[in-house]
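Beneath this line is the structure, given in structure tokens, with notes to follow.
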Amino acid sequence: MKTTKYNIPVEATLEVIGGKWKVVILCHLKEQTLRFSELQRIIPNITKKMLSQQLRELEHDGIIKRTLYDEIPPKVEYSLTDDGETLREVLDLMCSWGNARIEKDPNAVNLYKEHEKKLSH
């Protein structure tokens, strides 16, 4: 087996959750289990191909679980694994930091607040 060397521990973190979309996906999945179509709807700028790829990589790394139900049409849900749950605090901090940054920018709009309102009802 090949030895992986990291110059700083955050490299190991970024190897798993780095990139434009993985943290966005995880922030949604930390709130609730979601189907592929629901993720597509709440992350409108991601392509179907990219969402599939990112979900496969997160599943491969043991961060999310893909549950396939034996139904017609097939039903697939994604949720955090126990390993993925260990990222919850980091994800919460990243979301809080981003929210504070949005609030400082008079030209920024936080579309997630609308999504949060729907979740709470």
* **Heavy-atom side-chain proximity of Q54 to V24 below 4.5 angstrom** => no
* **Spatial distance of atom CD (E77) from atom CG (L68) [nearest 0.5 Å]** => 10.5 Å
* Passing candidate, side-chain contact (heavy atoms from CB on, under 4.5 Å) with V16, options D83, D61, L87 -> D61
* Please check if any side-chain donor atom of E59 sits under 3.5 Å from a side-chain acceptor atom of Y78, or the reverse. => no
* To do: May I ask you to test the K22-I63 pair for a side-chain heavy-atom distance under 4.5 Å?
  => no
* Looking at CG of L58 and CZ of R56, how far apart are the two atoms once the value is rounded to the nearest 0.5 Å? -> 11.5 Å
* Asked: Are there more than 12 heavy atoms of other residues, nucleotides or ligands under 6.0 Å from atom CG of L93?
  -> yes
* Structure fact -> Smallest heavy-atom separation, G62 atom then T81 atom, equals O-OG1, 2.5 Å
* So how far is it from D82 CG to K65 NZ, rounded to the nearest 0.5 Å? -> 8.0 Å
* Does some side-chain heavy atom of K20 sit less than 4.5 Å from a side-chain heavy atom of I46? -> no
* Is it true that L26 and V76 fall in one hydrophobic cluster, defined by side-chain heavy atoms closer than 4.5 Å? -> yes
* Side-chain contact, heavy-atom cut-off 4.5 Å: L55 with W21? -> no
* To do: Supply the atom-to-atom distance I17 CD1 to I25 CD1, rounded to the nearest 0.5 angstrom.
  => 12.0 Å
* **Gap separating the CE atom of M50 from the CD1 atom of I43, nearest 0.5 angstrom** => 12.0 Å
* Side-chain (E11) to main-chain (N7) donor-acceptor, under 3.5 angstrom -> yes
* To do: Give a yes or no on this: more than 12 heavy atoms of other residues, nucleotides or ligands lie within 6.0 Å of atom CD of E89.
  => no
* Could you give the distance from CD (Q40) to CZ (R35), rounded to the nearest 0.5 Å? -> 12.0 Å
